[in-house]
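Chain A is the first sequence line, chain B the second, and so forth, proteins listed ahead of strands; every chain is numbered from 1.
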Amino acid sequence: MTQSTSVEHGSGHESQGFWRTYLFSQDHKTIGIQYAITSLLFLLFGFTLMMIMRWQLAYPGQPIPLIGKFLGEANAPDGIMLPEFYNQLGAMHGTIMIFLGVVPLGVGAFGNFVMPLQIGAPDMAFPKLNMMSYWVYFAGGVTMLGSFLLPGGAANSGWTSYPPLSDIATIGQTAWLIGMFFLITSSLLGSINFIVTIVQLRAPGMTFMRLPFFVWAQLVTSFLLLLAFPPLEAAACLQLMDRLAGTSFFLPSGLVVSGQVVQASGGGSPLLWQHLFWFLAHPEVYVLILPAMGIVAEIIANNTRKPLWSYRSLVYSTLFLGFMSFIVWAHHMYITGMGTTLGTFFQVTTMIISIPSVVILAVLIVSLWGGSIRFTTPMMFACAFLPMFGIGGLTGLPLGLAPTDIPLHDTYYVIGHFHYIVAPGSIFALFAGVYYWFPKATGRRMNDTLGKIHFWGSLICINTIFMPMFIQGLAGVSRRLYDGGAQYAHAQGVLSLNLVMSVAAWSLAIFQIPFIINFFVSIRKGKKVGDNPWDATTLEWATSSPPPHGNFIRPVEVYRGPHEYSVPGAARDFLPQNDPA
Amino acid sequence: MQEFLGLPPEASTYAHEIDGSMAMIHWLMFVLFAGWGAFYVYSLLRFRRSKNPAARYGGLKSKFPYVVVAAVAIFEGVALAAFDLPLWAKLVKDIPSEKDATVVRVVGEQFAWNFHYPGPDGIFGRTDISLVSPENPLGLDRNDPAAKDDITTVNQLVIPVNRPVIVRLTSKDMIHSFGIPYFRVKQDAVPGQSVRLSFTPTMTSDEVQEAVARFYRIDRATDTDKFSVFVAQQEYRDKEGNVLLAKGDGITPDVAGKLADAGIGEVRLGPYSPIEVACSQLCGLGHYRMRATVTVVTATGFQEWIKDQEAALQQ
Amino acid sequence: MNIPYTSEVRPDTGVYNAKLGIWLFLASEVMLFGGLFSAYIFLRTGAATWPHGWEILNIPLATTNTVVLISSSVTMVMAWASLAGGNFARFRRFLGTTVALGVAFLAIKGMEYGMKFEHGLFPATNTFLAIYFTLTGLHGLHVIGGMIVNVYLLGPGSKMWRKDPQRFTNRVEVAGLYWHFVDLVWIFLFPVLYLL
Amino acid sequence: MSDSHPVDVRTHVKAYIIVFAALLGLTALTVSVAMLHLSTGEAVIIALFIASIKGSLVACFFMHLLSEKRLIPILLAFTVFFFFALLLLPTAEVFSRGG
Ligand code: HEA
Ligand code: HEA
Ligand code: CUA
Ligand SMILES: [Cu+2]
């Protein structure tokens, strides 16, 4: 087979020079690590923005300590945050966390690093394209960050960028749109590469039903990125035309903004943007969660020492979920003036799409039954993922039913709903992935004690942040309020929770310090481990740590399903996929 | 369940129905979470390595998880078909005849709510965007005969209790959202289109104020700014009988000090204008303060208010 | 290191990598233009009045352009067929013609734009023109992209023919698939914008 | 198609010429129908019908869709489904209750 040629090349890779090896590498593992570091830094940055916002929510109108002076006169005169700046921070927190943090970490980093190894491929199908998608992502990130320096600051119309507000917003919005073009391009290149790799480069014997679930999750995710992003690209084109060429795709006739009649031809519709945006953004939320579920599934199988319960329902549910995610988008728009026909359609599809999620979660929980559970650090994060995603998912139900969405729409209930999924959900799963695959990438293990401090501290703090949001939301407190609702009578009873949440958020930051130390110190000083420290079955553990250029020294062949642990009659409690025994 | 969820007072006819639906779906959520949670915790404890050194290859044999999934699906189907779809249809379509209702045109703008009443003739006057000015935010053409008796207010909606209200909602600039938490009403105001919605208040503002009043601890150190939206719900006097805090008055540092002197540690406060319109769609830097008050009065109170407004118009 | 299936077909899937890749890309392009088409329908059904394309736009020019683009598609596929038949010289002639036709298409498009601007018709004039300029502009960018690829295959890229003819033929096929798609988009744009 | 023989290619070429002629003919047809200035409904149906035929010809022959194995048609079937989901979007305008 062709893999045999990789042996010769595998040994010759040292000669590539610094630039080709580290910066402009075409090796999927290096690119994966580049993605990992960049996106972790973006996560930290997005979190920092939020910590600054949480000061304003806890102590409205009081000067921000320490960093307040450095935020600039235009943003925070005398250290007191302006509403404009609050809106910038909010919009950029959402954008950065989603498009520059969680997706690149889940797909770009873990997908890139792990997926080719798991299917026994020497690299991605298009290594040059892979390198390009990283650098295009990087350019998108720089554009987004740089937009803070523009006059008027960064985009300030929410991550959803609803027109007409965004059409007439400051130039930061143009930068946002350009940044989105980069990120969309990067995702498109990446997803094409992923799908081709999974379909074409599977090792002999690796049939679709033998793929580790993580690979399935990446496959479905890639399809979502491939087909859902273009409509947003179309919408971004139209918004850019509105902003630069003076068209009015999203501007209706007869607008009067601050007393001035807007000089535009009119005839557009603000709702058009919302449809195109949510056509992307609902599938996008599954892009945020599927890689996380993939990681969790792998770790649960490994640490319960038994196969996943009903692998097939897991796979079929995921496919069905991906499919349905394209026809539920307007559940974000119930109160825009939707009639009964559409209302019925989208409520029904939303309820239907919750069923595969229930199945996925059921499979993962039931997989615990009968296991011999090792509470390693990755496993603890993976276990915590389950109820946290459960809370986030369940609170999606009242939002999905239009009548109950009325009081809840655009309140902190919605914020609580999705943060439970993306923060203690996705981010925990991603932490689990970092602890789990760190030995593969470095040959060393992260410290367990620090890991456990990180875990318990984060679990407690993160729940203290997001649980009160449901209480505030049910009381009717709107989101995106600069003063956290201080002037509203109906918010008074739950106002004091703002301080609780803020303190918890800052404490959460403190509990990330053990992680950051652990991460960097372990790269050099971590305990050295063998090729397969977790006694795992999937192919990434069948090569050295870190794997050589070309991944596998000898061609691999696959003989069985992905999670054959504790097979009755076997010599050890795990049977690697490539073990002919 | 409603109390447990901390839902605010139900001050309109729909509020009760929506809350019913809300309670039902939260019951499902709690039951599911508790059921799976118990299973989850039990599994983690029972199957930890020290307790169960060898895993069982086959895992759970029973098919009960599928039964649970099917039960959830059925529950959701029933909730949809029997409750939520009919309720939604009612909310959207059940708009009474304009003759039997108080009709108000509501126009959102950065960052205020304009209310426009047709006046006694029941006909809205002509509006024209070229007439828009700071004094005339709606661009109402006062030369139009139908406009002569039209009443306009900013950030103050006055409506009678127990009579349907029909709102014709639109916006001048951005997308705003006309949300009244106590009525469980929320509807986006989209520029370029106008949408009709209807609700019936069932409590007057005074009743709501009474319902949400609570005792608050007050002493010398209290930051009275925190109480800026509150007024006293009853009178407080010192031993000599001097009024320290009259009903309907707010708390100032001075008053707080006097109350402390008189040994009064707790006062019953309610919000000054409890029912409010909260803009719930990001509409710019002033989004957070785009607040209007809703004053629900009795039918006679409403007639008087209209009369006062008309009198003011004549001058 | 060698990536498998860059030039030979994987037996169980029936494609080589780049072919699957380009089809996936085209699938995403379908969604891109689909988004714009549905925006068009959305705005048109919501509009009070909407001009007929033929009242504003120049049908003879656009018809000529349709013929130009269809012809370029034929020459593109002939270029590939020539390579598959092993005739490199003929391939160069056909691909050269394809590029030339692409230039012609853009020139005519440019003339059309120029005439509109002269009459004071800009994207900002009304929604019809806005969508017209956006859709044809984006399509024009796609044409330019395809031409860059074709010029590369005609010039520096064609060195691969001597080293790895199979892979080069694949590349031309892939470039062709993209070019036909651009043609296909125009086949829909033409009636939708000009004739309705 | 990558393993085509020269003979094979010659029959292809013939097919390409026929398709080319058909495309030209259909272009002429659609333009002349447009000259009739039919009602919008009729015009839309006829124009899109002709465009679909032309598109299918390009896809089936120039893009060799007819001779592709299962994988690509399946991919396209999905895409077409999602494309139609996207076209569901304008119906929102029709079913909204604003006015
Ligand atoms: C990864 C992200 C993610 C995921 C997976 C989901 C999943 C779901 N979401 Fe969420 N959603 C968002 C991210 C996500 N959402 C975001 C970001 C927003 C706001 C955007 C904005 O406006 O800015 C949003 C907003 C949002 C709205 C709009 C609210 C509004 O603005 O008014 C709606 C409405 O229908 C909704 C519904 C749902 C539903 C029904 C699901 C379902 O798929 C959930 C199905 C899951 C379950 C039903 C869980 C099953 C649970 C169990 C089986 C119990 C397990 C128990 C234990 C383990 C103990 N979401
Ligand atoms: C993936 C998405 C994501 C994630 C993960 C988060 C994470 C968090 N979010 Fe965010 N949030 C959004 C997406 C997300 N958010 C969106 C879309 C909005 C709406 C915006 C809008 O209105 O338009 C929003 C809005 C939003 C609000 C509402 C603001 C408002 O309406 O005015 C709040 C309020 O508290 C908040 C808080 C938080 C907090 C405390 C976290 C915490 O959980 C953060 C936790 C972060 C970490 C734990 C960082 C971990 C990283 C490291 C430790 C790095 C290590 C580095 C190396 C090793 C190199 N978010
Ligand atoms: Cu108006 Cu927010
Ligand atoms: Cu959604």
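- Interface check for chain C: of the options D:Ile50, D:Leu71, D:Leu88, the most heavy-atom pairs under 4.5 Å are formed by D:Leu71.
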Got a list of side-chain donor-acceptor pairs under 3.5 Å for residues 120-127 of chain C, not counting sequence neighbours?
from     : atom 1 : to       : atom 2 : distance (Å)
C:Thr125 : OG1    : C:Phe122 : N      : 2.7
C:Thr125 : OG1    : C:Phe122 : O      : 2.8
C:Asn126 : OD1    : C:Phe128 : N      : 3.1
C:Asn126 : OD1    : C:Leu129 : N      : 2.8
C:Thr127 : OG1    : A:Gly266 : O      : 3.2

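- Considering all non-hydrogen atoms of both residues, C:Met31 and D:Leu86 come closest at O-CD2, 3.5 Å.
- With a threshold of 4.5 angstrom between heavy atoms, D:Ile72 approaches chain C through side-chain atoms but not through N, CA, C or O.
- Taking CZ of D:Phe82 as the reference point, atom OG of C:Ser28 lies at 13.5 Å (rounded to 0.5 Å).
- For the atom pair CG of C:Leu195 and CE of D:Met35, the computed distance is 7.5 Å after rounding to the nearest 0.5 Å.
- When all heavy atoms of C:Leu196 and D:Ala47 are compared, the pair lying nearest together is CD2-CB, 4.0 Å.
- A 6.0 Å sphere centred on CZ of D:Phe49 holds no more than 12 heavy atoms belonging to other residues, nucleotides or ligands.
- Closest of all the heavy-atom pairs between D:Leu87 and C:Ser38 is CD2-CB, 3.7 Å.
- When side chains are defined from C-beta on, C:Val74 counts as touching D:Phe62, because their heavy atoms get closer than 4.5 Å.
- Between C:Trp54 and D:His37 the shortest side-chain heavy-atom distance falls below 4.5 Å.
- Contacts of D:Val58 with chain C are made by side-chain atoms alone, with heavy-atom separations under 4.5 Å and no backbone atom involved.
- C:Thr66 OG1 to D:Leu23 CG: the interatomic distance, rounded to the nearest 0.5 Å, is 11.0 Å.
- Neither the backbone nor the side chain of C:Leu83 comes within contact range of chain D, judged by heavy atoms closer than 4.5 Å.
- Contact record, D:Tyr16 with C:Ala81: CE1-CB, 4.3 Å, taken as the closest heavy-atom pair.
- Proximity of D:Val31 to C:Phe190: side-chain heavy atoms (C-beta onward) are separated by under 4.5 Å at one or more points.
- Within 6.0 Å of CZ in D:Phe81 there are more than 12 heavy atoms belonging to other residues, nucleotides or ligands.
- A 4.5 Å side-chain heavy-atom check between D:Leu65 and C:Trp23 finds at least one atom pair inside the cut-off.
- The parts of C:Leu177 that come within reach of chain D are both its backbone and its side chain, each placing non-hydrogen atoms under 4.5 angstrom from that chain.
- Under a cut-off of 6.0 angstrom, the local environment of CZ in D:Phe78 is sparse, with at most 12 non-hydrogen atoms contributed by other residues, nucleotides or ligands.
- By the 30° and 60° cut-offs, the orientation of the rings of C:Trp80 relative to D:His12 is perpendicular.
- The closest side-chain heavy-atom distance from C:Val192 to D:Leu48 is below 4.5 Å.
- Applying the side chain to side chain donor-acceptor pair (under 3.5 Å) criterion to C:Ser71, with sequence neighbours excluded, gives no partner residue.
- With a 4.5 Å cut-off on non-hydrogen atoms, D:Leu76 touches chain C through its side chain but not through its backbone.
- Remark: C:Leu184 CG to D:Leu57 CG distance equals 10.0 Å, nearest 0.5 Å.
- At a threshold of 4.5 Å between non-hydrogen side-chain atoms, the residues D:Thr40 and C:Trp50 do not count as touching.
- Both the backbone and the side chain of C:Ile70 come within contact range of chain D, with heavy atoms under 4.5 Å apart.
- For D:Leu75, the part sitting under 4.5 Å from any heavy atom of chain C is the side chain, from C-beta outward, and nothing else.
- Of all the listed residues (D:Ala59, D:Ala34, D:Ala28), the one sharing the greatest number of non-hydrogen pairs under 4.5 Å with chain C is D:Ala34.
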